[in-house]
Asks: 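Have a look at this one.
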Amino acid sequence: MPPFLLLTCLFITGTSVSPVALDPCSAYISLNEPWRNTDHQLDESQGPPLCDNHVNGEWYHFTGMAGDAMPTFCIPENHCGTHAPVWLNGSHPLEGDGIVQRQACASFNGNCCLWNTTVEVKACPGGYYVYRLTKPSVCFHVYCGHFYDICDEDCHGSCSDTSECTCAPGTVLGPDRQTCFDENECEQNNGGCSEICVNLKNSYRCECGVGRVLRSDGKTCEDIEGCHNNNGGCSHSCLGSEKGYQCECPRGLVLSEDNHTCQVPVLCKSNAIEVNIPRELVGGLELFLTNTSCRGVSNGTHVNILFSLKTCGTVVDLRFR
């Protein structure tokens, strides 16, 4: 028998055939891999990073050693068996909410939401959740599972025959009245942050956009006035002048649209993509794409990667303006 469940069934009435959608709480695929849990750190000596490229819009339930549910707080990179772990950026719904949409974020390179997509979530009778997960556009992304704490039973005020569960600060009691889920402080007034609020386990933090820093209150942002402050927000070189400052890049890199971050120049053609990287920036490393058959070729001064839009796992995203 195949390891999946069909989400629709057919009822034949007279001469017509009507599809009827099944409740995802009873028709889902189980995710139970131990490496999917947030406590699992990536160790490439034991194998390459994993990728959820088999996930493709079905309903899923986290169970077993994978955890109870998706984490609703930022997960550091190189966890959940991959480079860029995916977490749920929003609180879990109540059973009466039905199916809701939430943002899912992938953490990488110090950015808790470098990549994001929209998923669907439903709270099911019995206190568990199911998720309709979209296929990641790139590797290496994995949807994480997490073990949430079971609360301690404690009395509030004067107790008679009943006891009530209490959860630690930064967590809230789940619909099963036993599990303590992380509280997403960012959902209330953006956590008081003037720009970016990042939900953490049992806590949160405020962040600022490129070229701006947090003030001493830890919530509001201000412009960086010069290179002496956090290198002006520049990823590489910062040059000061009487009129202010500007960011500069090493030879072979170009300044991105934010005027602070240096990046490898990418030439997009009508049917191919070409990337040229100075050899001195690569060192002795061998460069290749997610598809390891697509490798860089050195000409002595640069490493060149040239590939067709139809190869190397390239995803074409058409946007009209």
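We're numbering straight along the sequence, starting at 1.
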Asks: Do the side chains of C105 and V86 get nearer than 4.5 Å, heavy atoms only?
Replies: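 Counting from C-beta outward, V86 and C105 never come under 4.5 Å.
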Asks: Measure across T220 and D217 and return the closest heavy-atom pair with its distance rounded to 0.1 Å.
Replies: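 T220 and D217 have their closest heavy atoms at OG1-OD2, 2.8 Å.
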Asks: Hey, is the main chain of K135 close enough, under 3.5 Å, to the side chain of N56 for a donor-acceptor pair?
Replies: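 Checking the backbone N and O of K135 against the side chain of N56, no donor-acceptor pair under 3.5 Å is found.
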Asks: Taking SG to SG, are C167 and C180 separated by less than 2.5 Å?
Replies: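 Yes.
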Asks: Going only through I, L, V, M, F, W and Y residues with side-chain contacts under 4.5 Å, is there a path from V121 to V55?
Replies: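 They do share one cluster, since a chain of ILVMFWY contacts under 4.5 Å joins V121 to V55.
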Asks: In this structure, is the centre-to-centre distance between the rings of H61 and Y129 below 6.0 Å?
Replies: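 No, the ring centres sit 6.0 Å or more apart.
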Asks: N37 and F147: side chain to side chain contact (heavy atoms under 4.5 Å, CB included), yes or no, with the steps?
Replies: CA-CA 8 Å; N37 191 270; F147 283 121; 3.3 Å; yes
Asks: When you check the side-chain N and O atoms of E274 and N304, is any donor under 3.5 Å from an acceptor?
Replies: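 On atom types as modelled, these side chains qualify, holding a pair under 3.5 Å.
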Asks: Quick one: side-chain contact (heavy atoms from CB on, under 4.5 Å) partners of S91, sequence neighbours excluded?
Replies: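 For S91 the side-chain contact (heavy atoms from CB on, under 4.5 Å) partners, ignoring immediate neighbours, are N184, E187.
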Asks: Going through the distances and angles, do C227 and C238 end up as a disulfide (SG to SG under 2.5 Å)?
Replies: CA-CA 6 Å; C227 297; C238 181; 2.0 Å; yes
Asks: Tell me whether the centres of the aromatic rings in Y204 and F73 are closer together than 6.0 Å.
Replies: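 No - the distance between ring centres of Y204 and F73 does not fall below the 6.0 Å cut-off.
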Asks: Can you tell me how far the CG atom of N89 sits from the SG atom of C186, to the nearest 0.5 Å?
Replies: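 Between N89 CG and C186 SG, I get 7.0 Å after rounding to 0.5 Å.
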Asks: How far does NE2 of H260 sit from CZ of R212, to the nearest 0.5 angstrom?
Replies: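 Reported to 0.5 Å precision, the distance equals 10.5 Å.
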Asks: Could you identify which residues cluster with V142, counting Ile, Leu, Val, Met, Phe, Trp and Tyr as linked when any side-chain heavy atoms lie under 4.5 Å apart, either directly or through a chain of such contacts?
Replies: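 Noted: V142 shares its cluster with W35, L50.
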Asks: Are side-chain N/O atoms of N32 and S30 paired as donor and acceptor at under 3.5 Å?
Replies: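 No, S30 and N32 have no side-chain donor paired with an acceptor closer than 3.5 Å.
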Asks: Quick one: pull up NZ in K219 and SG in C197 and give me the separation to the nearest 0.5 Å.
Replies: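 Taking NZ in K219 and SG in C197, the distance rounds to 7.5 Å.
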Asks: Quiz question: by atom type and distance under 3.5 Å, do the side chains of N199 and D182 form a donor-acceptor pair?
Replies: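 Yes.
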Asks: Answer whether the closest heavy-atom distance between the side chains of V130 and C124 falls below 4.5 Å.
Replies: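 Answer yes - side chains close enough.
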Asks: Between N111 and F108, is there a donor-acceptor pair closer than 3.5 Å when you use the side chain of the first and the backbone of the second?
Replies: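 Answer holds: no.
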Asks: Yes or no on side chain to side chain contact (heavy atoms under 4.5 Å, CB included) for T134 and T118, after CA distance, side-chain angles and deciding distance?
Replies: CA-CA 7 Å; T134 57; T118 300; over 6 Å; no
Asks: Taking atom types as modelled and ignoring hydrogens, do the side chains of D23 and S26 form a donor-acceptor contact shorter than 3.5 angstrom?
Replies: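 There is no such pair between these side chains.
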Asks: Find out whether R36 and D52 are in side-chain contact, i.e. whether some heavy atom of one side chain is under 4.5 Å from a heavy atom of the other.
Replies: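 Counting from C-beta outward, R36 and D52 do come under 4.5 Å.
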Asks: Got a donor-acceptor contact below 3.5 angstrom from the S203 side chain to the L200 backbone?
Replies: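 Flag not set: sc S203 to bb L200 has no pair under 3.5 Å.
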Asks: Is a donor on one side and an acceptor on the other found under 3.5 Å between the side chain of R132 and the backbone of E58?
Replies: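 The answer is no, because no donor-acceptor pair under 3.5 Å joins these two groups.
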Asks: Please test T63 against L31 for side chain to side chain contact (heavy atoms under 4.5 Å, CB included), starting from the C-alpha separation and ending with a verdict.
Replies: CA-CA 6 Å; T63 186; L31 299 175; over 6 Å; no
Asks: Are I273 and L253 joined in one hydrophobic group, where the rule is that I, L, V, M, F, W and Y side chains link up if heavy atoms are under 4.5 Å apart?
Replies: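 Linked, I273 and L253 end up in one cluster.
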Asks: Just one of S237, C262, P278 clears the side-chain contact (heavy atoms from CB on, under 4.5 Å) bar with P250, so which one?
Replies: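 That would be C262.
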Asks: Find out if a path of hydrophobic residues (ILVMFWY) with successive side-chain heavy-atom gaps under 4.5 Å connects Y245 to V213.
Replies: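 Both belong to a single hydrophobic cluster.
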Asks: Take C206 and R215, measure what side chain to side chain contact (heavy atoms under 4.5 Å, CB included) needs, and give me the verdict at the end.
Replies: CA-CA 10 Å; C206 299; R215 291 179 174 173; over 6 Å; no
Asks: Quick check: H92 with Y131 (ring centres under 6.0 Å apart)?
Replies: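 Yes: the rings meet the under 6.0 Å criterion.
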Asks: Is it the case that the side chains of T261 and S235 hold a donor-acceptor pair, with the cut-off being a distance below 3.5 Å and no angle test?
Replies: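 Not at all, the side chains of S235 and T261 share no donor-acceptor pair under 3.5 Å.
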Asks: Output the distance between atom CD (E33) and atom SG (C80), rounded to the nearest 0.5 Å.
Replies: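 E33 atom CD to C80 atom SG measures 11.5 Å (nearest 0.5 Å).
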Asks: Can you find a heavy atom in the side chain of D68 that is under 4.5 Å from one in the side chain of F181?
Replies: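 The answer is no; the side chains never approach within 4.5 Å.
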Asks: Might you point out which heavy atoms bring P93 and A123 nearest each other, and give the distance in Å?
Replies: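 Of all heavy-atom pairs spanning P93 and A123, the closest is O-CB, 3.5 Å.
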Asks: Taking atom SG of C249 and atom CD of Q263, what is their separation to the nearest 0.5 Å?
Replies: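 It is 8.5 Å, given to the nearest 0.5 Å.
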Asks: The criterion is side-chain contact (heavy atoms from CB on, under 4.5 Å); which residues satisfy it with P125, sequence neighbours excluded?
Replies: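 For P125, the residues satisfying side-chain contact (heavy atoms from CB on, under 4.5 Å) (neighbours in sequence not counted) are C25, E95.
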Asks: If we ignore hydrogens and angles and just use 3.5 Å, is the side chain of N230 paired with the main-chain N or O of G233 as donor and acceptor?
Replies: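 Not at all, since once roles are kept as given, no pair shorter than 3.5 Å links the two residues.
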Asks: Counting distance only, does the side-chain N/O of Y128 pair as donor-acceptor with the main-chain N or O of A69 below 3.5 Å?
Replies: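 No, because the side chain of Y128 does not come within donor-acceptor range (under 3.5 Å) of the backbone of A69.
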Asks: Is a side-chain donor-acceptor pair under 3.5 Å present for T38 with H146?
Replies: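 Judged by distance alone, the side chains do pair up.
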Asks: Scan side-chain atoms only and decide if S107 and W87 contain a donor-acceptor pair under the 3.5 Å cut-off.
Replies: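 Per modelled atom types, S107 and W87 side chains form a pair under 3.5 Å.
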Asks: For V100, does its backbone N or O pair with a side-chain atom of E120 as donor and acceptor, under 3.5 Å?
Replies: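 Checking the backbone N and O of V100 against the side chain of E120, no donor-acceptor pair under 3.5 Å is found.
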Asks: How many angstroms lie between atom CG of N190 and atom CD of E185, to the nearest 0.5 angstrom?
Replies: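 Separation between the atoms: 12.0 Å.
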Asks: Under the 3.5 angstrom rule, does the side chain of N78 hit a backbone N or O of L42 as a donor-acceptor pair?
Replies: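 Pair absent, no side-chain N/O of N78 close to backbone of L42.
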Asks: For the hydrophobic clusters of this structure (ILVMFWY residues joined by side-chain heavy atoms under 4.5 Å, transitively), does one cluster hold both L88 and I29?
Replies: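 Looking at the clustering, I29 is in the same group as L88.
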Asks: Check this for me: E44, atom CD, are more than 12 non-hydrogen atoms of other residues, nucleotides or ligands nearer than 6.0 Å?
Replies: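 For E44, atom CD is crowded (more than 12 foreign heavy atoms under 6.0 Å).
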Asks: Can any side-chain N or O of N231 pair as donor or acceptor with the backbone N or O of H236 at less than 3.5 Å?
Replies: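 Here the side-chain-to-backbone pair exists.
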Asks: Is there a side-chain contact between T171 and E183 (heavy atoms, below 4.5 Å)?
Replies: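 Contact flag for T171/E183 side chains = no.
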Asks: Do H79 and E77 have side chains that approach each other closer than 4.5 Å (heavy atoms only, starting at C-beta)?
Replies: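 No, their side chains stay 4.5 Å or more apart.
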Asks: Same cluster or not: I99 versus Y28, using hydrophobic residues (I, L, V, M, F, W, Y) connected whenever any side-chain heavy atoms lie under 4.5 Å apart?
Replies: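 In one cluster: yes.
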